Visitor: 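Sending over a structure as structure tokens; questions will come in a sec.
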Amino acid sequence: MTTSNITDDWTIPSTLETTSVVEPMDVDPPTAGSAFDVLKLSVNPKYDSIGIKSATTWTSACVSIETSDMPEEMNDRTSALDVVVALDISGSMSGQKLKDCKSTLEAMLRPLGSKDRFGLIVFGSRVRVIIPATLMNKQNKESALKQIKEINTEGMTNLSGGLTVAWKELLFIGNPNSVRSLFLLTDGLANEGIQETNTLVQMVKRLTADSAEDVETALLEGLRMSSNRAAQLVDSATLGLTPENVQAPVSLFCFGYGPDHNSDMLQALAEATAGGGYYFVENDSDVYTAFGDAMGGIMSVMAQSAVLKISVPPEAAANGVKIRDVHHDKKINRGDGTFTVNLGDFYAEENRDVIVDFDLSNVASDVPVPHCVASLSYMDVLSKKPAQAGPLNCNVARPDSNEISTINKYVESQWMRVWVAQELEEADKEARSNQRAQAKIRLEKMAAAIKASEAYDKDDETFSKLELNLRHAMQDYEEATYSGHRSKNMYGSMKTQRAYASREAGAEACYQTKYKARMCKAFKKS
């Protein structure tokens, strides 16, 4: 952006004092023979028994994944990191915003040890490599801190140029660490290079392909489309990605500063990678939460490239059972009655739930019979080996009656969470199309449905969060300015209930782990 609006309410203390709140930490490999199940899988139906003479023809199940805590000997770290930052230095970032970004980058360097790598790319109209990705020993860290202090604003916003050059810097690290992340910091709209959201998202998806040849092609095309200034940073003759370059996944974390950034674009970019996230950073109080949450997460990654598979056994399929839906944005219908879900990275002590709807068997059975099967494959970061959990059956009895067993309250609460997220999306579309009255009616119906749920308990954490989110959304719709841009409250409400890929800055995340909370606190004190 070309304007130079200075926002006075952005204030973060400098982190350049000689003492440090967050000490650098190196990570040692786990002790041989200490293998354990990093991810634990469980499957529970909403009802254990549904009479075949009842009016109910389908039901739901909750697939839960629980991540173990990291071993004590890991020193609160599971792996060394490779982190590259793409920083927007366009005109609108001048003043306090850039100053706060610098302080944030300085705070990011604090916990990095000598086995971690850090790189910094800045983009305005030009794209420049300020700090090539390098190990953060004492000398290199001091040099990085000095170079961060000297950054100034300039030009427009060539977001695609900064993103692709940063990706190139990350990919060409020799002998890369297993946890690799790219942080994108911007406050505005892309107005140079690739500007269309769909084109940018497709480029990012291609950059995460399994084939080194495909990734190289996408990288070159992205650089050339991002303007000559970006393309000049890569000589096509020097490219030669190898399988090693693309073996470890790259997670993209997007930080949108202020109310005028393209939140839809940043959200879509973050969700195009496995394990990434988008943070809405509205003011200075959000900064430490956003970056502490992201850094605390990547420093405690226990599993990568997790893929959940949900299928119907042949015997059940012959009796009319089929999967109606899997409630996750990254589901893939394989066309043979099987669904897969790319879940990305899991952090220590993190829990996630995936809701599955399926048709019931049309054959009576007094004993529980399998209706669907869940299994999980992933890369164990500690052992650096592929691992699996499951397969586990989801069993439901079909007695020759019209009786239905007591509802599983946890499964019902998770189903309500997913339903509320979907309805919030619809309400948001209505509000942004100046149909706020219709959106408010939808919210009122949602509030009534929550209270009518068989599992409703006003003191239950899930239900209390659902009701709080609805109140926040209703407040937004009362404001005459709600149109065009999604508010932070609305975005945070939807993402908290969807419970994956992104986190709301400025509020306690629904699934925040102790490692994230600890890092947030450390960033706040820096």
Side-chain angles (χ1 to χ4, degrees), residues 82-88 117 119-123 126-129 132-133 157-174 176-186 190-254 262 264-278 304-305 307 329-330 332 342 344-345 379 501:
D82 291 336
V83 181
V84 174
V85 175
L87 172 64
D88 180 357
R117 296 184 183 89
L120 176 62
I121 280 74
V122 298
F123 62 93
R126 296 187 301 160
V127 180
R128 292 181 290 140
V129 180
T157 307
N158 186 358
L159 188 150
S160 63
L163 185 60
T164 48
V165 171
W167 213 292
K168 177 257 179 186
E169 188 68 24
L170 198 57
L171 289 179
F172 276 89
I173 292 174
N177 289 315
S178 58
V179 178
R180 304 195 293 180
S181 297
L182 196 157
F183 283 27
L184 173 64
L185 285 62
T186 182
N191 51 26
E192 278 200 6
I194 303 172
Q195 300 172 36
E196 299 78 16
T197 296
N198 289 339
T199 305
L200 268 172
V201 170
Q202 290 305 313
M203 181 190 74
V204 169
K205 288 182 177 179
R206 293 175 63 198
L207 288 171
T208 61
D210 294 330
S211 164
E213 183 178 355
D214 291 343
V215 173
E216 180 172 317
T217 300
L219 184 62
L220 284 170
E221 288 181 4
L223 288 165
R224 289 165 183 154
M225 292 174 66
S226 297
S227 81
N228 290 333
R229 294 186 182 95
Q232 287 170 359
L233 291 178
V234 174
D235 179 358
S236 61
T238 65
L239 282 181
L241 284 173
T242 67
E244 181 191 47
N245 295 125
V246 300
Q247 184 176 8
V250 174
S251 55
L252 173 61
F253 293 87
C254 299
N262 189 337
D264 292 336
M265 173 185 285
L266 295 186
Q267 175 187 343
L269 287 174
E271 293 180 356
T273 68
Y278 161 61
Q304 294 179 308
S305 305
V307 177
D329 280 359
K330 294 191 177 181
I332 300 175
N342 295 322
D345 297 349
M379 177 61 68

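No experiment lies behind these values; they were computed from the predicted model shown.
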Visitor: So which atom in A218 and which in R206 form the shortest heavy-atom distance, rounded to 0.1 Å?
Guide: CB-CB, 3.6 Å
Visitor: What is the distance from atom OG1 of T197 to atom CG of L266, rounded to the nearest 0.5 Å?
Guide: 8.5 Å
Visitor: Any chance you could measure I194, atom CD1, to T164, atom OG1, to the nearest 0.5 Å?
Guide: 7.0 Å
Visitor: Taking the side chain as every heavy atom from C-beta outward, state whether V215 and W167 have any pair of such atoms under 4.5 Å apart.
Guide: no
Visitor: Is there side-chain contact between V250 and L170, with heavy atoms separated by less than 4.5 Å?
Guide: yes
Visitor: I'd like to check R128 versus V165 (side-chain heavy atoms, cut-off strictly below 4.5 Å). Are they in contact?
Guide: no
Visitor: I173 and A133: which non-hydrogen atoms are nearest, and at how many Å?
Guide: CD1-CB, 3.7 Å
Visitor: Working note: L184 + L159, criterion side-chain contact (heavy atoms from CB on, under 4.5 Å); need CA distance, chi angles, decisive distance, verdict.
Guide: CA-CA 9 Å; L184 173 64; L159 188 150; 4.1 Å; yes
Visitor: Ignoring hydrogens and angles, tell me if any N or O in the side chain of N158 forms a donor-acceptor pair with the backbone of F123 under 3.5 Å.
Guide: no
Visitor: Please name the pair of heavy atoms, one in V127 and one in G161, separated by the smallest distance, quoted to 0.1 Å.
Guide: CG2-C, 3.7 Å
Visitor: Using 0.5 Å steps for rounding, measure from the OG atom of S305 to the CG atom of D345.
Guide: 7.0 Å
Visitor: Is any side-chain heavy atom of L185 closer than 4.5 Å to a side-chain heavy atom of D88?
Guide: no
Visitor: Under 3.5 Å, side chain of Q304 to main-chain N/O of S178, donor-acceptor pair present?
Guide: yes
Visitor: To check you understand the geometry: which heavy-atom pair defines the closest contact between A268 and V201, and what is its length?
Guide: CB-CG2, 3.6 Å
Visitor: Find the distance between NZ (K168) and CG (L219) and round it off to the nearest 0.5 Å.
Guide: 8.5 Å
Visitor: Give, for atom CE of M203 and atom OG1 of T208, the distance between the pair rounded to the nearest 0.5 Å.
Guide: 11.0 Å
Visitor: What closest approach, in Å, do A86 and L182 show between heavy atoms, and which atom pair accounts for it?
Guide: CB-CD2, 4.4 Å
Visitor: Which heavy-atom pair separates R117 from G174 by the least distance, and what is that distance?
Guide: NH2-O, 3.2 Å
Visitor: Please round to the nearest 0.5 Å and tell me the distance separating atom OG1 of T186 and atom CG of L163.
Guide: 11.0 Å
